[in-house]
**Q** 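Please read through the structure below; I'll follow up with questions.
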Amino acid sequence: MALERLLQGFADFRLGYYREHLELFEKLASEGQSPEILIVGCADARVDPGILTQTKPGDIFTVRNVAAMVPPAQYPPDERHHGTSAAIEFAVRGLHVKHVVVLGHALCGGIAALVDGRDSAYADYDYLATWTSIAQDVRELVVSRLDGRPRAELARTLEQAAVVNSVCNLMTFRWIAERVAAGSLSLHAWWFNLIEGQLHAFNPDTTAFEPVLGVKLGGAITQQTALSAIRPERFVMAVAGRKPAF
Ligand SMILES: [Zn+2]
């Protein structure tokens, strides 16, 4: 895509969407942002959270990184550059969002590289494997427990288990755990199947990702949810106990 396409897109936005939503933009400029939802999504060009959810400017606070991962909290905070953690902290402590959604997806390149390990075409990249090693333990568990199953099933299981792992890691931030316990924040593990255009949400009661039908959502992680129910190990064991999906 030529860069001119982007500039044409912006010209169209200015004359169209921006004008149509002028009041909204003026309100957001004068009153600031107050989104109620934080989405942690993947950097993948095919899974733009704003487009998938048809939201408007100001509706969702978004942080995107490779494979939609949340690292565990670092206490005490060190001098390294914790970009994702900083965005999550701002959304939770500064903007007081009510929901945090971790949104993984099918055919995720970051997860595929993690599955393939040293055989990955990206194995010698400077930063990729270090970043996705957030889910390294989960990867080892998936590979050992689903030994002999097709690679596509391993990849899909890890895509979903990594989302559960990220939600688990969210709970290691003390200001998140406190808000979940107080009932002012709930967490959600979602996985978007871009092959079928279907959204799935993790249900801690069934330990499975279930299709989201209409606007009915089951499976939020709230003050009622036991921490053990969102352990990624539990999810992987559940998948291993079911008949192969591929
Ligand atoms: Zn991805």
Side-chain angles (χ1 to χ4, degrees), residues 1-70 81-111 131 159 162-163 166-167 170 176 179 184-202 209 211-220:
M1 181 193 275
L3 195 62
E4 285 79 10
R5 176 67 194 79
L6 262 64
L7 300 178
Q8 184 58 53
F10 182 73
D12 293 347
F13 162 81
R14 218 173 115 76
L15 289 172
Y17 193 99
Y18 183 73
R19 276 196 184 173
E20 289 155 21
H21 297 84
L22 199 53
E23 246 176 74
L24 173 63
F25 279 104
E26 285 172 351
K27 185 172 177 285
L28 289 169
S30 63
E31 296 176 12
Q33 61 173 335
S34 53
E36 295 189 353
I37 298 157
L38 161 66
I39 296 187
V40 180
C42 183
D44 192 302
R46 299 165 293 180
V47 287
D48 186 314
I51 291 176
L52 293 183
T53 57
Q54 297 284 286
T55 42
K56 290 193 178 67
D59 286 345
I60 55 173
F61 193 84
T62 312
V63 52
R64 295 175 71 175
N65 61 40
V66 171
M69 285 192 186
V70 176
H81 300 112
H82 298 281
T84 293
S85 303
I88 293 169
E89 181 172 29
F90 183 70
V92 172
R93 302 183 78 179
L95 298 172
H96 312 289
V97 294
K98 294 175 179 165
H99 303 273
V100 182
V101 177
V102 179
L103 175 62
H105 68 98
L107 309 175
C108 183
I111 295 293
W131 171 253
E159 282 161 5
V163 171
S166 286
V167 168
L170 281 171
I176 288 183
R179 283 165 173 78
S184 59
L185 181 66
S186 57
L187 312 179
H188 310 267
W190 291 3
W191 176 80
F192 172 61
N193 187 347
L194 63 96
I195 305 160
E196 298 169 354
Q198 180 64 54
L199 182 66
H200 296 251
F202 177 70
F209 278 78
V212 176
L213 305 169
V215 294
K216 267 218 170 114
L217 177 69

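The figures here come from the full heavy-atom set of this structure, side chains too, leaving out hydrogens, waters and symmetry mates.
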**Q** Please tabulate, one pair per line, all N/O donor-acceptor pairs under 3.5 Å involving side-chain atoms of residues 85-95, not counting sequence neighbours.
**A**
| unit_1 | atom_1 | unit_2 | atom_2 | d |
| --- | --- | --- | --- | --- |
| Glu89 | OE2 | Arg93 | NH1 | 2.7 |

**Q** Go through the structure and list residues passing salt bridge (Lys or Arg N to Asp or Glu O under 4.0 Å) with Arg64, not counting sequence neighbours.
**A** Asp48

**Q** Can you name the closest pair of heavy atoms from Ile111 and Met69 and give their distance?
**A** CD1-CE, 3.9 Å

**Q** In Å, rounded to the nearest 0.5 Å, how long is the span from CG of Asn65 to CG of Asp44?
**A** 12.0 Å

**Q** Are the side chains of Ile60 and Thr53 in touch, meaning some heavy atoms are under 4.5 Å apart?
**A** yes

**Q** If a pair satisfies salt bridge (charged side-chain N to carboxylate O under 4.0 Å, His left out) and one of its residues is in residues 10-35, list it, with sequence neighbours excluded.
**A** Lys27-Glu31

**Q** For Ser166 versus Ala68, what's the shortest heavy-atom pair and its separation?
**A** OG-O, 3.7 Å

**Q** Could you tell me how the ring of Phe13 sits relative to the ring of Phe10: parallel (under 30°), tilted (30 to 60°) or perpendicular (over 60°)?
**A** tilted

**Q** Using 0.5 Å steps for rounding, measure from the CD1 atom of Ile37 to the OG1 atom of Thr55.
**A** 8.0 Å

**Q** Taking atom OH of Tyr18 as the centre, does the number of heavy atoms from other residues, nucleotides or ligands within less than 6.0 Å exceed 12?
**A** no

**Q** Heavy atoms only: give me the nearest Leu194-Ala106 pair and the separation to one decimal.
**A** CD2-O, 3.5 Å

**Q** How close do Phe61 and Gln33 get, heavy atom to heavy atom, and via which atoms?
**A** CD1-OE1, 3.7 Å

**Q** Quick one: does any side-chain atom of Glu159 pair with a main-chain N or O of Leu107 as donor and acceptor, under 3.5 Å?
**A** yes

**Q** Find the distance between CG (Leu187) and CZ (Phe202) and round it off to the nearest 0.5 Å.
**A** 12.0 Å

**Q** Could you walk me through whether Ser186 and His188 pass the side-chain hydrogen bond (donor to acceptor under 3.5 Å, both in side chains) test, one step at a time?
**A** CA-CA 7 Å; Ser186 57; His188 310 267; 3.2 Å; yes

**Q** Does some side-chain heavy atom of Val97 sit less than 4.5 Å from a side-chain heavy atom of Leu185?
**A** yes

**Q** Start with the C-alpha distance between Val101 and Val40, add both sets of side-chain angles, then the distance that settles side chain to side chain contact (heavy atoms under 4.5 Å, CB included), and finish with yes or no.
**A** CA-CA 6 Å; Val101 177; Val40 180; over 6 Å; no

**Q** Taking all heavy atoms of Leu28 and all of Pro57, pick out the closest pair and write down the distance.
**A** CD1-O, 3.3 Å

**Q** Would you say Leu24 and Lys56 make side-chain contact, with heavy atoms under 4.5 Å?
**A** yes

**Q** With a 4.5 Å cut-off on side-chain heavy atoms, are Asp59 and Pro35 touching?
**A** no

**Q** If you take all heavy atoms of His105 and Trp191, which pair is closest and at what distance?
**A** C-NE1, 3.2 Å

**Q** Does the side chain of Val163 reach to within under 4.5 Å of the side chain of Trp190, using non-hydrogen atoms?
**A** no

**Q** How long is the straight-line distance from CD1 of Ile39 back to CG of Leu103, given to the nearest 0.5 Å?
**A** 6.5 Å

